[in-house]
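Fair warning: this is a prediction, and the values are worked out from it, not measured in the lab. Order of the sequence lines sets the chain letters (A, B, ...), proteins ahead of strands, with each chain counted from 1.
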There are 4 protein chains.
Amino acid sequence: MKKNKPKYKAIIEGAVQVIAENGYHASKVSTIAKKSGVADGTIYLYFKNKEDILISVFKEKMGQFIQEIAKATEKENDVQSKLLTLIQLHFEQLAVDHHLAIVTQLELRQSDPKIRAQINDVLKVYLDVIDSILEEGMEKKLFRNDLHVPLMRQMIFGTLDETVTNWVMKNQKFDLVRLAPDVHKLLMNGLKSEG
Amino acid sequence: MKKNKPKYKAIIEGAVQVIAENGYHASKVSTIAKKSGVADGTIYLYFKNKEDILISVFKEKMGQFIQEIAKATEKENDVQSKLLTLIQLHFEQLAVDHHLAIVTQLELRQSDPKIRAQINDVLKVYLDVIDSILEEGMEKKLFRNDLHVPLMRQMIFGTLDETVTNWVMKNQKFDLVRLAPDVHKLLMNGLKSEG
Amino acid sequence: MKKNKPKYKAIIEGAVQVIAENGYHASKVSTIAKKSGVADGTIYLYFKNKEDILISVFKEKMGQFIQEIAKATEKENDVQSKLLTLIQLHFEQLAVDHHLAIVTQLELRQSDPKIRAQINDVLKVYLDVIDSILEEGMEKKLFRNDLHVPLMRQMIFGTLDETVTNWVMKNQKFDLVRLAPDVHKLLMNGLKSEG
Amino acid sequence: MKKNKPKYKAIIEGAVQVIAENGYHASKVSTIAKKSGVADGTIYLYFKNKEDILISVFKEKMGQFIQEIAKATEKENDVQSKLLTLIQLHFEQLAVDHHLAIVTQLELRQSDPKIRAQINDVLKVYLDVIDSILEEGMEKKLFRNDLHVPLMRQMIFGTLDETVTNWVMKNQKFDLVRLAPDVHKLLMNGLKSEG
DNA sequence: CATGAATGAGAATTCATTCAT
DNA sequence: TATGAATGAATTCTCATTCAT
């Protein structure tokens, strides 16, 4: 399995750094190679092309990111805690790895349709996690049911995403993780059923 | 004034279309020139370089977009209507001009710091509009005041933005404008003070 | 006559300055126009193209330069004085107009064959002045006659030219005119017949 | 060492030919690449930019040219022979390689200050060789000492340079090398101490 | 598997020149 | 004559990708 080889991993790590520092388009394959400690040509033994590096970075890093959240939320029993856990882990993981944060908040926004589609595949898993929490909440009459799930999901994801983007744009000057409880309160309010 | 000259406007319009169709990086200056009906060199009489085209497109189009919203919300008397108007106009304007929508939702996300900074200047005005609504709501005790404004603003902007992005990503297959009342309800719920 | 019109002269003067400051290739027609106080298009009412500006500058300025020397040397009676006068005027005229000096010492060296040919036509007149002095000197047995004129002419012109180039290259830091008598002595020594 | 690699040398040789034929400004990088038998991009593995090609050509070719002269003059015992050797080698080397001659006599005259400075560094070595001959001649009372060295050096270099330029301008129609003894005689006359 | 020198397609930008006013 | 906005050909340089070693 290619993905377990050390050079593959080295290139992914090198790429995250280089892309975070320069942006995808301004990142040169040769720079990624140098940062990863491999030769330019070696990149092409592990990745089809430059685009494939970007997509692989997303799949690897975001996959991990999402897995972490999926596992942790499953462990929680009530819906409220699940949502709080999701928010906390979302913030924590990005706060810990600011290179990754830059990549997800800025470089994830590729308009190239081919790249977009792949990114969305990865994100889909995350959105499904959110949806399942929402559905559980609605089933248990904790969340309002006069609105459809996609809308509520957009509020959740949009709020988290916008908050992180803000944090990245302000060069991580404030404590992102500390915001989790307030964000949770805000979202719960929006979601909860009346009375 | 350069910005009122017909060729300037023609290039802005041409650029919106070309960038919406191809993305900024894949858009060639010569393609923008052709679409605008001017010679390649003419572009450089009105814009410093390719980057300047992108930034000018944002400033022109977004400036207009935001002005429209700012004016309309001011006309409304109560805070609830202001928020609804903001949501409706946000959706309407992008629904009407899908080239613009593509540009704002995808191409607006440039990681190049120089471009980012300029974009943020423009967005700042919009965020200020949101803030003033929030502050009015808090003053009038309609909105909760145990959370700080930036957080609430992120929820509002994040939700709208995420909703539009979703609509763009799904190739505008659903009626964006019709979502406005529900989004309004959802956000009001999150914002409103208890009791 | 085109050449007596004020704009023609203005352009020639503007061109000397701009070319001296930037070199021919780096000089833009629009810059010359601006410096001359005329519109870009006006240049083309007086000159065929950019190359024609350069050649005209040479013809005007060098023609004048050479005429001055030709007239003054003719007035002198003996050969020695003619040579001294030539050297002095050569140095004086360039010392007085350092823009012209830069143009003659650096920009005169164009390798474009078309330009070269024209420049040489102008220079030819100067070399003829030198030749006539040499021939008179040989006739009067003052100069050696075992060497042919071109060689001696090359020594004279080469020495003067190299001296001025040196002065230009050292940013006119020393007094060029004061060198005339010594250069004269040096050249006379090389030229004079033995015994 | 980059300079010993075959492609480096090939590009230098290609560049000399192309520049001699077209002049520096009219020479396209792609033409130099083709003549050198390498791809356009390869040029940029060995040279920073087009200007760097020109400067490198000068440094390589002139450096060699001057070394040859420096070595040969050192071997001679008396001052007269040193000067004759210098003249002969100066003429011989350029007569043998007319591409190089064109480059040194026409393209060497660049007014771009950055390029000029580099060229002068290389020429400096040659002028030092001339100076040391002059100083030896003055010490041994063979040369006059009422004139300063720079002036005499300018006569020597100016005469040689002007002679070669003439030969190049006349398309190498006469035998340059055969002129050496006469030029030597002429210069010795100018330099030698009286009596 | 790994290398990195070589490739060459591709694109932004400049600027001499034109021409409608 | 004079203008200067508009033109578009022309050229340097970059960088993803290949392939001989």
Side-chain angles (χ1 to χ4, degrees), chain A residues 2 5-8 10-11 25-34 36-53, chain B residues 2 5-8 10-11 25-34 36-53, chain C residues 2 5-8 10-11 25-34 36-53, chain D residues 2 5-8 10-11 25-34 36-53:
Chain A
K2 200 179 258 183
K5 299 217 174 158
K7 302 233 166 173
Y8 177 87
I11 294 167
H25 280 104
S27 293
K28 291 183 248 173
V29 172
S30 64
T31 308
I32 295 175
K34 189 169 289 172
S36 313
V38 304
D40 293 18
T42 305
I43 298 265
Y44 291 87
L45 297 175
Y46 294 91
F47 301 90
K48 217 170 67 241
N49 50 34
K50 187 183 170 185
E51 192 178 299
D52 188 33
I53 303 175
Chain B
K2 202 176 259 182
K5 296 203 176 166
K7 303 238 163 171
Y8 177 86
I11 294 166
H25 280 105
S27 293
K28 287 181 266 174
V29 172
S30 64
T31 309
I32 294 176
K34 191 168 290 171
S36 312
V38 303
D40 291 21
T42 305
I43 299 266
Y44 292 88
L45 296 177
Y46 294 92
F47 301 90
K48 225 173 57 243
N49 49 36
K50 188 182 167 186
E51 187 180 302
D52 188 33
I53 303 175
Chain C
K2 200 179 263 186
K5 300 218 173 156
K7 302 231 165 174
Y8 177 87
I11 295 167
H25 280 104
S27 293
K28 292 182 245 174
V29 171
S30 64
T31 308
I32 294 175
K34 188 168 290 172
S36 313
V38 303
D40 293 19
T42 306
I43 298 265
Y44 291 87
L45 297 175
Y46 294 92
F47 301 90
K48 219 169 66 239
N49 50 33
K50 187 183 170 186
E51 191 179 299
D52 188 33
I53 304 175
Chain D
K2 201 177 258 185
K5 297 203 177 167
K7 303 236 164 172
Y8 177 86
I11 295 168
H25 281 103
S27 294
K28 287 180 269 174
V29 171
S30 63
T31 309
I32 294 175
K34 190 168 293 172
S36 313
V38 303
D40 292 20
T42 305
I43 298 268
Y44 292 88
L45 296 177
Y46 294 92
F47 301 90
K48 223 172 59 241
N49 50 35
K50 188 182 167 187
E51 188 179 303
D52 189 32
I53 303 175

**OP:** May I ask you to say what C/Phe47 touches in the nucleic acid, namely base, sugar-phosphate or nothing, with a heavy-atom cut-off under 4.0 Å?
**Re:** nothing
Original post:
So how far is it from D/Ile43 CD1 to D/Asn49 CG, rounded to the nearest 0.5 Å?
Top reply: 11.5 Å
Original post:
Backbone N or O of A/Ile32 within a donor-acceptor pair of the A/Ser36 side chain at under 3.5 Å?
Top reply: yes
**OP:** Ignoring backbone atoms, test whether C/Lys34 places a side-chain nitrogen or oxygen under 4.0 Å from the OP1 or OP2 oxygen of F/dG4.
**Re:** no
**OP:** Take the protein atom NZ of B/Lys28 and the nucleotide atom P of E/dA11, then report the distance between them rounded to whole Å.
**Re:** 5 Å
Original post:
Separation of A/Asp52 atom CG from F/dA16 atom P, in whole Å?
Top reply: 14 Å
Subject >> Rounded distance in Å - NZ (A/Lys48) to C1' (F/dT17) >> reply: 14 Å
Original post:
Is the shortest side-chain N/O distance from C/Ser30 to OP1 or OP2 of E/dC15 below 4.0 Å?
Top reply: no
**OP:** Could you state the atom-to-atom distance from NZ of A/Lys50 to C1' of F/dT18 in whole Å?
**Re:** 17 Å
Subject >> Spacing between D/Tyr44 atom OH and F/dC13 atom P, to the nearest angstrom >> reply: 4 Å
Subject >> Whole-Å gap separating P (F/dT1) and CG (C/Asp40) >> reply: 19 Å
Original post:
What nucleic acid atoms does A/Thr31 come within less than 4.0 Å of, heavy atoms only: base, sugar-phosphate, or nothing?
Top reply: nothing
Original post:
To the nearest 0.5 Å, what is the distance between OG1 (A/Thr31) and CG (A/Asp40)?
Top reply: 8.5 Å
Subject >> Residue whose nearest DNA chain F nucleotide is more 5′ - B/Ile43 or A/Glu51 >> reply: B/Ile43
Subject >> Nucleotide opposite E/dA20 in a Watson-Crick or G-U pair, distances under 3.5 Å >> reply: F/dT3
**OP:** Could you check C/Asn49 against B/Val29 and say which one's nearest nucleotide on DNA chain E is further toward the 5' end?
**Re:** B/Val29
**OP:** Specify the separation, in whole Å, of atom CG of D/Leu45 and atom P of F/dC13.
**Re:** 14 Å
Original post:
DNA chain E: A/Lys7 or D/Gly41, which has the more 5' nearest nucleotide?
Top reply: A/Lys7
**OP:** Start with the C-alpha distance between C/Val29 and C/Tyr44, add both sets of side-chain angles, then the distance that settles side-chain contact (heavy atoms from CB on, under 4.5 Å), and finish with yes or no.
**Re:** CA-CA 10 Å; C/Val29 171; C/Tyr44 291 87; 3.8 Å; yes
Original post:
Is the C/Phe47 ring parallel, tilted or perpendicular to the C/Tyr8 ring (thresholds 30°, 60°)?
Top reply: parallel
Original post:
Taking for each residue the nucleotide of DNA chain F bearing the nearest heavy atom, is the 5' side occupied by C/Tyr46 or by A/Ser27?
Top reply: C/Tyr46
Original post:
Rounded to the nearest Å, what distance is computed from the NE2 atom of residue C/His25 to the C1' atom of nucleotide F/dT11?
Top reply: 14 Å
